[in-house]
Amino acid sequence: MTARRTRWTRRTDRSLPIRSAAAAVAFAAGATACSAPTGGGGDGGTEAAESVVIGVASEPDTLSPLLGYGKDGNSKIFDGLLARDTDLELKPALAAALPKVTDDGRTYTFTLREGVKFSDGEPLTAGDVVYTYRTVLDEKTNNTARSELDAVENVRASGDGTVVFTLKYPYAPFAARTVLPIVPEHVAGKQDPNTGDFNTEPVGTGPYVLTGWSKGEKLGFRANPHYWGDKPAVKSFTMAVIADDNVRATRLRSGDLDGAVLPPNLAATFEKDDARRTYRARSYDFRAVTLPSAGQVTGDRAIRRALDAAVDRQAMVDKILDGAGRPAYGPLPVDDPWYERGIERPRDLAAAGRILDEAGWKPGSGGIRARDGQRASFTLYYPSGDKVRQDHALAYASDAKKAGIEVKVEGATWEVIEPRMKTDAVLAGLGSVGDPDFGLYTLLHSTLAGDGFNNMAHYANPAVDEALDAGRRSQDPKVRAAAYGEIQKALVADPGYTFLTHIDHLYVLADRWDGLTTQLEPHEHGFASGPWWNIENWRPKK
């Protein structure tokens, strides 16, 4: 990790516990009920005290790291060579120590921790590490995160206990990429990585093993008897998949859940609940509108620039997030050390009007502008059940209308949205921690346009591509800072997205465990992030 990243994580409030408020009686009644979704016996107070049920908004598509699961760390089923602590500093996991870096940053050598076993009792070897990375890098494997390991030229084993990575070029943040979970070759290697049972029946070295997965409903976990670390006090836990924010809040209030991720307006309803505690995590998670270059309206640069000028970001933070976030002027948060100072821009409807006038978009019927018979109108999709995205979409449409642009907001499932992403706008949520390369390359590089959720806007700017490559391939902090500054300024002049807000993540949990903290979080939260990122280290309150 870079020095710039370290300075920020240490000065950021990574965990802001807020005392909340409900009847202790209601919680006590719900404690036993909380064990019900796990499918376990749950006939005594001890078992209930050792189990946790968490409400999350979504579930993974797969549980195989070969297809991208857990690639940023915090998987409870798997471990990487390295892991991150509360402050996002790298620490050894399956590796016995941080890597030895030689050859001017082109060679990384890891020595494996001794005595580690997979959950089936078989020992971890260097061959498993080599198999994992080579399979992820194989173009036949359906892993849309492959570009994140572009720097790797070769990975080889040196005996059973040493792994050596050779890079094509010095890649400054490479060590942080080795949080990638390691899978057992003796199991996964016998299957097709794209279709095999390993995707839903994983075997790993992590603190927990999967006990069952009811798609769209819940995932159950229990402590791994072969785990190499300390034995967890939480013996089992369930991730209850509840897409609707209001339903999660209701089930938490009823005692059916021990904890949940909630939007600000619903988290606030627990402020006077003495049996629960609210945690607030800072994040890189931004909300933005994708403006596909293939869209008849969104493909016009003048429309994109006008929308960027018309949007009232601060109002969204104040009214939608209840202050739990910051205006987003690009993909990096305003308090990130890599953020380019001076790109802040307040709402300016007059500027939006001038941009559209100069481009030939003239006011027409109903106040909506038109050019050559084409109305300035497009559809914006958001995932149904996500109240925060819905509110962002509606506020965006309201702001756009003041500039003479019609945005038709529609909620839909991802099954409906995904086929339309090339031509229709989407209220997207993205953001990665660790290094600017991690989030910006997949968001903006033209070679990744339409590759799953990579570059959803099909953004193509040669200067941005060049700067992304320069930032990725240089180890000089000044060169990298200049590259990422150029990218952020280019996104003002030639936006492919309208960046709206960076949101804080809010979690409400029963106040009966010690050891809960939050990290600086990526977009993906609730399942791997949240106060349960280190659930294996929780201990009952005395």
Side-chain angles (χ1 to χ4, degrees), residues 1-20 56-57 72-74 83-90 173 176 179 259-268 270-271 277-288 313-314 316-341 343-344 388-389 392 428-440 443 484 488 499-509 515-534:
M1 299 181 70
T2 66
R4 303 180 75 175
R5 151 67 59 216
T6 301
R7 287 200 299 271
W8 187 40
T9 57
R10 286 179 177 169
R11 74 166 185 259
T12 299
D13 283 340
R14 62 179 182 270
S15 178
L16 304 174
I18 308 165
R19 269 293 190 200
S20 5
V56 295
D72 295 317
N74 288 348
R84 291 189 177 101
D85 65 15
T86 308
D87 295 314
L88 297 189
E89 297 290 341
L90 293 173
V179 300
V261 54
L262 293 174
N265 65 317
L266 292 176
F270 291 88
E271 287 179 357
R277 196 175 187 182
T278 298
Y279 292 80
R280 174 172 167 177
R282 303 283 272 180
S283 84
Y284 267 68
D285 187 8
F286 62 80
R287 294 295 173 267
R313 297 171 172 86
Q314 188 60 55
M316 292 182 183
V317 172
D318 295 339
K319 297 177 181 178
I320 299 173
L321 301 181
D322 196 24
R326 293 139 289 165
Y329 301 105
L332 299 180
V334 294
D335 49 2
D336 180 73
W338 296 94
Y339 176 76
E340 182 67 15
R341 306 297 166 188
I343 65 169
E344 301 85 0
V388 171
R389 293 203 207 194
H392 276 79
L430 299 162
S432 298
V433 299
D435 188 272
D437 175 75
F438 293 0
L440 301 190
L443 178 73
Y484 294 121
Q488 293 172 77
F499 297 96
L500 305 177
T501 62
H502 276 95
I503 72 173
D504 295 341
H505 297 159
L506 298 177
Y507 306 91
V508 181
L509 287 92
L516 283 69
T517 64
T518 62
Q519 298 172 306
L520 179 68
E521 296 184 349
H523 162 62
E524 293 296 338
H525 64 287
F527 196 83
S529 298
W532 42 85
W533 73 273
N534 66 341

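Position 1 is the first residue of the sequence, and the numbers go up from there. Here the structure is a predicted model, which is why all the values come from computation and not from measurement.
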- prompt: For Gly73 and Ala528, which heavy atoms make the closest approach, and how far apart are they?
  reply: O-CB, 4.3 Å
query: Which residues satisfy the side chain to side chain donor-acceptor pair (under 3.5 Å) test with Asp85, sequence neighbours excluded?
result: none
task: For Arg326 and Pro333, work out which heavy atoms get closest and say how close.
output: NH1-CB, 3.5 Å
Check: Arg280 and Leu506 side chains under 4.5 Å, non-hydrogen atoms: yes
query: Would you say Asn74 and Val179 make side-chain contact, with heavy atoms under 4.5 Å?
result: no
Arg277 and Leu509: CA distance, side-chain angles, deciding distance, side-chain contact (heavy atoms from CB on, under 4.5 Å) verdict: CA-CA 5 Å; Arg277 196 175 187 182; Leu509 287 92; 5.7 Å; no
query: Taking the side chain as C-beta and beyond, is there a heavy-atom pair between Arg313 and Glu344 under 4.5 Å?
result: no
message: Could you report the tightest heavy-atom contact between Arg84 and Gly434, atom names first, then the distance?
response: NH2-CA, 4.1 Å
- prompt: What closest approach, in Å, do Val388 and Pro264 show between heavy atoms, and which atom pair accounts for it?
  reply: CG2-CD, 4.3 Å
Donor-acceptor pair between Thr517 and Trp533 side chains, under 3.5 angstrom: yes
query: Judged by atom type as modelled, is there a donor-acceptor pair below 3.5 Å linking the side chain of His505 to the main-chain atoms of Tyr279?
result: no
field: Separation between CG of Asn534 and CG of Leu516, rounded to the nearest 0.5 Å
entry: 7.0 Å
message: If I take atom CG from residue Asn265 and atom CG from residue Leu321, how far apart are they, to the nearest 0.5 angstrom?
response: 10.0 Å
query: With side chains defined as the heavy atoms from C-beta onward, is the minimum distance between Gln488 and Tyr339 less than 4.5 Å?
result: yes
- prompt: So how far is it from His502 NE2 to Ser283 OG, rounded to the nearest 0.5 Å?
  reply: 7.0 Å
message: I'd like to check Tyr484 versus Asp437 (side-chain heavy atoms, cut-off strictly below 4.5 Å). Are they in contact?
response: yes
field: pair Asp322-Pro263: side-chain heavy atoms closer than 4.5 Å
entry: no
message: Just verifying a value: how many Å separate Leu430 CG and Leu440 CG, rounded to the nearest 0.5 Å?
response: 11.0 Å
- prompt: Hey, what do you get for CZ (Phe286) to OG1 (Thr501), rounding to the nearest 0.5 Å?
  reply: 10.0 Å
message: Measuring from atom CG of Asp285 to atom CD of Glu521, what distance do you get when rounded to the nearest 0.5 angstrom?
response: 8.5 Å
For the student: nearest non-hydrogen atoms of Pro522 and Ser432, plus distance: CB-CA, 4.1 Å
- line: Closest non-hydrogen atoms of Tyr507 and Gly530, given as atom of the first, atom of the second and distance, are CZ-CA, 3.3 Å
query: Is there a side-chain contact between Leu262 and Phe270 (heavy atoms, below 4.5 Å)?
result: yes
- request: Please examine the side chains of Leu88 and Val433, heavy atoms only from C-beta on, and report whether any two atoms are closer than 4.5 Å.
  value: yes
- prompt: Does Arg341 use its side chain to pair, donor to acceptor, with the backbone of Val334 at less than 3.5 Å?
  reply: yes
